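For clarity, every value in this text was computed on a predicted model and none was experimentally measured. Chain naming here is simple, since letters A, B, ... match the order of the sequence lines and numbering starts at 1 in each.
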Amino acid sequence: MLHTKTKNFEGPLDLLLSLIEQRQLDVTTIALAEVTEQFLQYIKQVEDLDPTTLADYLAIAAKLLVIKSKAILPSLEIEPEEEEAGVDLESKLILYKQFKEASKLLKLFDNKREQSWTRLVTFDEKINFYPDPSVSAKELHGAILHILSDLKELDNLPKAKIKEAFSIQEKINHLQSTLSKQIETKLSDLLKSAKNKDEVIVTFLALLELIKQEIFSAEQETLFAEVVIKKLKI
Amino acid sequence: MSNQNFKSIIESLLFVSSKPLKIKDLCKLLEKTPEEVKPALEELIADKKNAGVVVLDNNGEYQLATNSANSTIVKNFLNAELREKLTDATVEVLGIIAYRQPISKAEIEAIRGVNSQYSLRHLLIRGIIEKTPNPSDARSFLYQTTTEFLQHLGLTSMKDLPEFEKLVEQIKLPDASQLARDDSQPRPAPAAEPETNAETNPALRIKEDKEKYNHDPNEKK
Amino acid sequence: MSNQNFKSIIESLLFVSSKPLKIKDLCKLLEKTPEEVKPALEELIADKKNAGVVVLDNNGEYQLATNSANSTIVKNFLNAELREKLTDATVEVLGIIAYRQPISKAEIEAIRGVNSQYSLRHLLIRGIIEKTPNPSDARSFLYQTTTEFLQHLGLTSMKDLPEFEKLVEQIKLPDASQLARDDSQPRPAPAAEPETNAETNPALRIKEDKEKYNHDPNEKK
């Protein structure tokens, strides 16, 4: 699953870095804006990305969208915090690139295949027995219960995450069906029903895709007005 | 006791110990202060640097091991396999831990931008990294490299790796001068009234989920 | 290969070997004649004469051992090690073995999510657990508790442990597909590591684990 399509990328920053480097750009907000489309394209391809990882990609996608929006619409005004998203992502990416360099170095050492071994002292013949007087059957029972609770947590983890995942394709279908019942809708209404941040992002990505394919249009009368979404193709 | 004697005793103790020894273990056994033990230990490390048996120094934990230059013949003798190569994911996590240790899972994931639970688990099982209590949060852990890390990569000490600053000197973080560049490109105008528009562009109110990196219910010991 | 290299390799081999090595073993391993190996070996013996670890020559069988000048402190150290309180990690390993024996190192580590070699070494040295051949893999071992330990607990069988039947059912290895997810390579082969690697400690008359060597099967006990 995951590996068939993402094996070349160790996460969203890795993908982003490689998109920028493919174009031989420096890591800047301009470069980030330029590769936003490709980044989103990539996320769309990997619908089967495991949910935890998908959420990580979406978090970066959200930042890219802010950067891209600002690049296209310089007059667009956004919260100062988001204003910083560009610089923030830029530094994040450069820091990531630095550690990428560190891992390349470790890989070099690993590839030399020069390793060392320690020795092991064991009593093969049990000439000695030195128990710990405080370790009783009760202690061992306690240790096992502890391990079992850890194991349970590990098992439950992926299932819990799956519940929170939203597929972009599902969202596209949902939006299309919403707009087949009404002529237009407001962006704020679409986002109001979102249960959490991930769903907001997915809704936004789905909308962008529909607008790009000219299935929907988005209009904003004045600068601070509501964004109105309309269906173009009938 | 002379330095010579210290060296000899330290070597004997490292030889019979079934796990790495810390300076403080050695001090206790020798009934000496770190100031007395350290020079002898450092001399021992230097003496043995090119011998068949070297002293691994893992941030103040010491262990004897074969010289990695003899890797192939020792491996063949033990009828063992060389340790499995690191995957791209694990080596990325390891690069961060090696240079930022001890470091939390949340910090690793913030740098990588992706969940790293499985890579961490893999590295823990292989013994290349270990958990250590987090002094600032009793419920969570920090990760650090082990002597097994040194053995795997054929190092004797973290000092065999170049300093991080040196390693990344070509990769600079953005500074003010870099940010004010290229006016021909559409640059975002500075937000004139930043506080007034929160309601108008709800779609743009997507904030980074900072919680995500600060809180990790799955962190276990 | 220079004398220096010979010396280094011989020292490495003696260090990891669980039994004394003969000149002819060394010649075979180094692919050299006795005339070539002997001077290097003799030089190594002379070099290490006053070190903390010396080369013992027992009628042409060579092995490393602690310098007898340090025997008091070495014995004190080992005695203290044998009597120290088991760490939480070691109790956890012991708990898994008690409830799930016989069990492999790889399985213990998959259940715990961390490398367990030091805990296993420690439990072995103290006679609390022992190795037993792995019926499904001749190169590795399974671990089980010793009769002495059973008696120590005051039980007639490990099945008398609290909630034995119920808990044994529940101790399952975590889902492999989940755990292997971001490891694009196969899981490590358990054979590479110290399981196959037991050593001699002449000071304590610790017997070697001959299972380890495949290069001379006739010497197996």
Seminar exercise, completed: The salt bridge (Lys or Arg N to Asp or Glu O under 4.0 Å) partners of A:E21 (sequence neighbours excluded) come to A:K97
Problem set entry | Side chain, backbone, both or neither of B:I96 within contact of chain A (heavy atoms, under 4.5 Å) | both
Exercise. Which residue out of A:K104, A:E101, A:R113 racks up the most heavy-atom pairs below 4.5 Å with chain B?
Worked result: A:R113
Problem set entry | B:H152 side, atom NE2; A:E114 side, atom CD - distance, nearest 0.5 Å | 12.0 Å
Exercise. Any side-chain heavy atom of B:E92 within less than 4.5 Å of one from A:Y96?
Worked result: yes
Exercise. With a 4.5 angstrom heavy-atom cut-off, which part of A:I60 approaches chain B: side chain, backbone, both or neither?
Worked result: neither
Problem set entry | Min side-chain heavy-atom separation A:T118-B:T147 under 4.5 Å | no
Problem set entry | Partners passing salt bridge (Lys or Arg N to Asp or Glu O under 4.0 Å) against B:D57 (at least two apart in sequence or in another chain) | B:K159
For this session: Name the option with the most non-hydrogen atom pairs under 4.5 Å to chain A; the candidates are B:G154, B:S71, B:P162, B:A98.
Result: B:S71
Problem set entry | Residue among B:T156, B:L94, B:I111 with most heavy-atom pairs under 4.5 Å to chain A | B:I111
Exercise. Between A:N111 and B:K85, what is the shortest heavy-atom contact and its length?
Worked result: OD1-NZ, 3.0 Å
Seminar exercise, completed: Rounding to 0.5 Å, atoms CG (B:L155) and OG (A:S116) come to a distance of 8.5 Å
For this session: Indicate yes or no: at least one non-hydrogen side-chain atom of A:F109 is less than 4.5 angstrom from one of B:D160.
Result: no
Problem set entry | Under 3.5 Å donor-acceptor, A:K100 side chain and B:G95 backbone | no
Exercise. Rounded to the nearest 0.5 Å, how far apart are CG of A:L105 and CG of B:L161?
Worked result: 6.0 Å
For this session: Tell me whether the centres of the aromatic rings in A:F99 and B:F164 are closer together than 6.0 Å.
Result: yes
Problem set entry | Main-chain N/O of B:L153 paired to A:D110 side chain as donor or acceptor, under 3.5 Å | no
Exercise. With respect to A:Q115, which candidate in B:Q151, B:K75, B:R83 satisfies the side-chain hydrogen bond (donor to acceptor under 3.5 Å, both in side chains) definition?
Worked result: B:R83
For this session: Report the C-alpha separation of A:D56 and B:E109 in whole Å, then their side-chain angles, then the decisive distance to 0.1 Å, and conclude whether the side-chain contact (heavy atoms from CB on, under 4.5 Å) test is met.
Result: CA-CA 10 Å; A:D56 293 328; B:E109 292 182 338; over 6 Å; no
Exercise. Checking side-chain contact (heavy atoms from CB on, under 4.5 Å) for the pair A:K107/B:D88: CA distance, chi angles, key distance, verdict?
Worked result: CA-CA 9 Å; A:K107 198 106 196 167; B:D88 289 344; 3.1 Å; yes
Exercise. Between B:T66 (side chain) and A:W117 (backbone), is there a donor-acceptor pair under 3.5 Å?
Worked result: yes
Exercise. Does a side-chain heavy-atom distance below 4.5 Å link B:Y99 with A:L106?
Worked result: no
For this session: Go through B:V114 and A:T53 one step at a time and tell me if the side-chain contact (heavy atoms from CB on, under 4.5 Å) criterion holds.
Result: CA-CA 6 Å; B:V114 72; A:T53 313; 3.8 Å; yes
Exercise. Which atoms form the tightest heavy-atom contact between B:G113 and A:P12, and what is the distance?
Worked result: O-CG, 3.3 Å
